[in-house]
Amino acid sequence: MRLYNTRTRSVEDFVPMRDGDVRIYVCGLTPSAQAHLGHARSFLFFDVLRRYLKHRGYRVTYVQNVTDVDDRSINEAKETGETYRDVVIRYYGEFKDAMRTLGVMPYDYEPYATEYIAEIQAMIAKLITAGHAYVAPEGIYYRVASFARYGELSNRNVEELESGARIEVDEQKEDPLDFALWKFAKPGEPSWLFEPYGDGRPGWHIECSAMAAALLDADGTGIDIHGGGADLIFPHHENEIAQSEPLMQRPPMANFWVHGGLLLFDNRKMAKSLGNFEPLADLVARHDPQAIRWLFLQTGYRKVMNFTEESIGAAAQGLARIKSAYRTLSQASSGVTPSSVEGLDARMEAALDDDMNTAAALAALYDFTARAASMVERPSIASAAVAHLRYWLEVLGVTPTGAWLEEPATTLPGQLVSNLQAALDAAEADSMRVAIAGLPPHEAVERILAARNEARRGRDWSTSDRLRAALQRCGIEINDGKDGTTWSYVSAASR
RNA sequence: GGCGACGUAGCCAAGUGGUAAGGCAGGGCUCUGCAAAAGCCCCAUUCGGCAGUUCGAAUCUGCCCGUCGCCUCCA
């Protein structure tokens with residue numbers, strides 16, 4: 001397959017360094033605030049990448065870290081009166097719940113920075129010895145001038161960076177570009193012993209260098225893929241390279257640097273500092289998680305994408321078509337599974353081999369399901385079709401569930417009966433209001449439908465339509481079919 | 001100021017030299033008491049603008065316009 005490599009700024013053939021094994025390190029969350037959809041987009045992409053690499057037959061080892069001690073979580077804790085650890089546990093717990101709901105596979109390793117203090121310190125000591133770091137009054141800093149290739153990943157040159165007005169001048173640093181590897185303890189802040197330099201905590205960046213090496217690159221010859229959001233290219237990944245590569249046997253730190261495009265909201269980057277986002281947990285609760293995934297699959301992973309509420313509705317509609325075809329094919333299936341279905345596998349692989357072109361992959365699925373109706377005639381073909389469809393949906397992480405085989409949602413809210421009574425009031429059907437009082441929601445719906453069908457049999461269309469309107473006001477969509485009337489509940493969120 | 005991405009139908013979006021995928025919305029049809037759902041069909045002579053290269057350009061080059069990102073914390 002081919003994959004875009006930020007390091008070379010080109011699409012290259014992806015070949016694992018070790019035969020059959022792919023090692024991936026993705027920079028995870030710094031849980032200092034609620035996660036948002038932008039985080040989800042990034043991690044959802046890497047989830048699909050993992051799944052596809054597995055389809056391709058590789059054994060994938062996936063590491064996604066948690067930067068659990070950092071200025072941000074410490075500051076948040078000061079504001080809320082918690083410990084930084086409380087803050088991390090709370091926000092990271094919410095994040096993991098959302099990831100699970102979105103169908104992200106468990107990570108092989110999920111290292112916390114504070115569990116790797118020893119490795120971090122060992123790395124800092126080596127950097128000092130090698131002349132890449134120095135001790136200053138408030139901390140230990142990385143000497144950017146000591147690393148000639150600084151700026152290569154992000155295509156920046158040091159002079160331009162230094163002339164930039166945005167760099168804070170700090171007297172204790174040799175150079176404004178130098179960054180903290182270790183921050184000496186201040187009162188009230190978490191700290192760890194570090195002889196002989198002084199107690200303190202790690203700076204941002206060093207934890208990833210240390211953990212990536214500890215978990216995936218013990219011999220210092222590099223890993224296959226290092227990833228994250230595009231906003232991490234500079235300075236985070238640039239700094240990781242500067243920290244890691246001077247100590248390695250054989251750079252580069254990562255063969256492929258892979259970055260996901262950022263998510264915009266209102267055409268501005270989704271970020272806590274801009275205040276323009278809805279917490280991920282809320283969005284996941286309000287929408288079908290599979291529709292959220294589908295939405296991201298529609299757009300190239302490297303492209304900047306603008307999120308709108310409408311776009312997720314459109315994605316849900318599209319996914320509903322796939323679900324419908326899946327249901328149709330499943331019902332027609334003979335139970336035996338022939339080996340292949342023309343074209344689908346080849347088209348999916350061609351799309352995903354091409355730098356994970358998920359949008360083209362979805363087009364292949366739509367074209368394929370458009371032929372479902374004609375495949376229904378042949379049960380064995382339908383069996384193969386549904387098996388292959390299911391397989392590819394799983395590769396994309398949109399795994400068909402039992403619910404796909406049922407008519408749309410039948411879980412009813414508890415207050416439905418009183419809603420119905422209010423709606424019926426508007427329909428001037430007093431007797432019915434009394435009749436459904438105290439009934440469980442399902443039975444209440446059935447009771448009203450029975451009355452409606454009686455009216456229909458008597459060709460009393462106005463009563464029939466009034467009852468239908470009352471049901472619709474409460475989210476009950478009905479469908480008069482040849483074999484009687486079916487109904488489903490459409491939740492307020494998706495209506 | 002430096003670096004970079006993007007601009008394709010009403011909306012989203014694939015496509016980076018060979019004559020515009022796909023989705024949503026919209027329209028038509030089938031079904032239906034009417035609807036809804038579902039299925040089928042239709043829906044860009046044209047790719048921000050202007051020049052240029054080429055037998056041929058959405059795709060390459062130049063200039064211009066617009067939007068966004070990174071350069072500070074950021075997925």
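Scope of the values below: all heavy atoms of this structure, side chains included, with no hydrogens, waters or symmetry mates. Residue numbering restarts at 1 for every chain, and letters A, B, ... go by the order of the sequence lines.
Remark: the Ser324(A) side chain and the rG39(B) base include no donor-acceptor N/O pair separated by less than 3.5 Å. No hydrogens or angles were tested; on distance alone, a donor-acceptor pair under 3.5 Å links the side chain of Arg452(A) to the base of rG33(B). A donor and an acceptor atom never sit less than 3.5 Å apart when one is taken from the side chain of Asp71(A) and the other from the base of rC73(B).
Contact annotation for Asn155(A): backbone-only contact, meaning every heavy-atom pair under 4.0 Å involves sugar-phosphate atoms and none involves a base. No engagement by Gly227(A) is indicated, since no non-hydrogen atom pair under 4.0 Å with the nucleic acid exists. Using a 4.0 Å heavy-atom cutoff across all strands shown, Met270(A) reaches at least one base atom of the nucleic acid. Heavy atoms of His236(A) sit nowhere under 4.0 angstrom from any nucleic acid atom. Gly260(A) comes within 4.0 angstrom of no nucleic acid atom, judged by non-hydrogen atoms across all strands. Asn267(A) comes within 4.0 angstrom of sugar-phosphate atoms only, judged by non-hydrogen atoms across all strands, and of no base. Across all strands, Ile478(A) comes closer than 4.0 Å to base atoms (heavy-atom distances). Residue-level contact check: Thr308(A) touches neither bases nor backbone, having no heavy atom under 4.0 Å from any strand. Within the 4.0 angstrom heavy-atom criterion, no nucleotide atom of any strand lies near Leu295(A).
Remark: Arg459(A) CZ is loosely packed, at most 12 non-hydrogen atoms of other residues, nucleotides or ligands lying under 6.0 Å away.
The aromatic rings of Phe234(A) and Tyr150(A) lie perpendicular to each other, with more than 60° between the two planes, well past the 30° mark. Ring pair His237(A)/Trp257(A) is tilted by interplanar angle, where 30° to 60° counts as tilted. Between Tyr301(A) and Phe45(A), the ring planes are parallel. Angles under 30° get that label, and only those over 60° would be called perpendicular.
If you measure from atom CG of Leu262(A) to atom P of rC71(B), you get 10 Å, rounded to the nearest angstrom. Asn157(A) has its CG atom 9 Å from the C1' atom of rC3(B), to the nearest Å. Nucleotide rA13(B) holds its C1' atom 16 Å from the CD1 atom of Ile312(A), rounded to whole Å. In this structure, CZ of Arg371(A) is placed 12 Å from P of rC40(B), rounded to the nearest angstrom. The separation between Glu238(A) atom CD and rU72(B) atom P is 12 Å, rounded to whole Å. Atom CG in Asp480(A) sits about 9 Å away from atom C1' in rC34(B), given to the nearest Å. Rounded to an integer number of Å, the gap from Glu152(A) CD to rC3(B) P is 17 Å. As rounded to whole Å, 14 Å separates atom P of rA75(B) from atom CG of Asn276(A).
Taking CD1 from Ile120(A) and CE from Met211(A), the interatomic distance works out to 6.0 Å, rounded to the nearest 0.5 Å. For the atom pair Asp367(A) CG and Thr369(A) OG1, the distance stands at 8.0 Å (nearest 0.5 Å). Atom CZ in Arg143(A) sits 13.5 Å away from atom OH in Tyr141(A) (nearest 0.5 Å).
Taking every side-chain heavy atom of Arg456(A) into account, rG33(B) is the closest of rC71(B), rA35(B), rG33(B). Proximity note for Arg72(A) (side chain, C-beta onward) versus rA36(B), rC73(B), rG33(B): the nearest is rC73(B).
Spacing between rG27(B) and rA35(B) at atom P, rounded to whole Å, works out to 13 Å. Rounded to the nearest Å, the gap between the P atom of rU46(B) and that of rU59(B) is 15 Å. As rounded to the nearest Å, rA44(B) and rA51(B) have C1' atoms that lie 24 Å from one another. Between rC31(B) and rC68(B), the distance separating the two C1' atoms is 48 Å to the nearest Å. Here the separation of rG22(B) from rC43(B), taken at their C1' atoms, is 14 Å to the nearest Å. Between rC34(B) and rC11(B), the two C1' atoms lie 31 Å apart (nearest whole Å). Taking atom C1' on both nucleotides, rA75(B) is separated from rG39(B) by 41 Å, rounded to a whole Å. Spacing between rG28(B) and rG7(B) at atom C1', rounded to whole Å, works out to 33 Å.
If you check rC60(B) for Watson-Crick or wobble pairing at under 3.5 angstrom, you find it paired to rG52(B). Pairing for rG69(B) is with rC3(B), a Watson-Crick or G-U wobble pair whose two hydrogen-bonding atom distances lie under 3.5 Å. Pair assignment for rU16(B): none, as no Watson-Crick or G-U wobble contacts are both less than 3.5 Å. In a base pair of the Watson-Crick type (N1 to N3 plus N6-O4 or O6-N4) or a G-U wobble (N1-O2 and O6-N3), with each distance short of 3.5 Å, rG39(B) is matched with rC29(B). Base pairing analysis places rG10(B) opposite rC24(B); the two distances defining the Watson-Crick or G-U wobble pair are each below 3.5 Å.
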| query | Tell me, for nucleotides 19-28 of chain B in 5' to 3' order, what letter each nucleotide earns: B for a base near a protein heavy atom under 4.0 Å, S for only sugar-phosphate near one, - for neither? | reply | --BSSSS---
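Nearest-nucleotide positions on RNA chain B place Asn357(A) closer to the 5' end than the other of Asn357(A) and His39(A). Between Tyr4(A) and Arg468(A), the residue anchored nearer the 5' end of RNA chain B, judged by the nucleotide with its closest heavy atom, is Tyr4(A).
By the ring-ring contact (aromatic ring centres under 6.0 Å, His included) test, Phe277(A) pairs with His36(A), sequence neighbours left out. Not counting sequence neighbours, the partners of Tyr52(A) by the ring-ring contact (aromatic ring centres under 6.0 Å, His included) test are His55(A). Tyr84(A) meets the ring-ring contact (aromatic ring centres under 6.0 Å, His included) test with no other residue; sequence neighbours excluded.
Asp355(A) places a side-chain N or O within donor-acceptor distance of the main-chain N or O of Tyr4(A), the cut-off being under 3.5 Å. A donor-acceptor contact shorter than 3.5 Å links the side chain of Arg293(A) to the backbone of Gly397(A).
Remark: Lys269(A) is in phosphate contact with rC70(B), judged by side-chain N or O atoms under 4.0 Å from OP1 or OP2. Note on Lys303(A): every side-chain N or O is 4.0 Å or more away from OP1 and OP2 of rC12(B).
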Residues 94-103 of chain A, side-chain donor-acceptor partners within the protein, below 3.5 Å, at least two apart:
residue: Glu94(A); atom: OE1; partner: Gln34(A); partner atom: NE2; Å: 3.3
residue: Lys96(A); atom: NZ; partner: Glu110(A); partner atom: OE1; Å: 3.1
residue: Lys96(A); atom: NZ; partner: Glu110(A); partner atom: OE2; Å: 2.6
residue: Asp97(A); atom: OD1; partner: Arg100(A); partner atom: NH1; Å: 3.0
residue: Thr101(A); atom: OG1; partner: Asp97(A); partner atom: O; Å: 2.8

Atom pairs under 3.5 Å, N or O on each side, protein against nucleotides 41-43 of chain B: can you list them with distances?
none

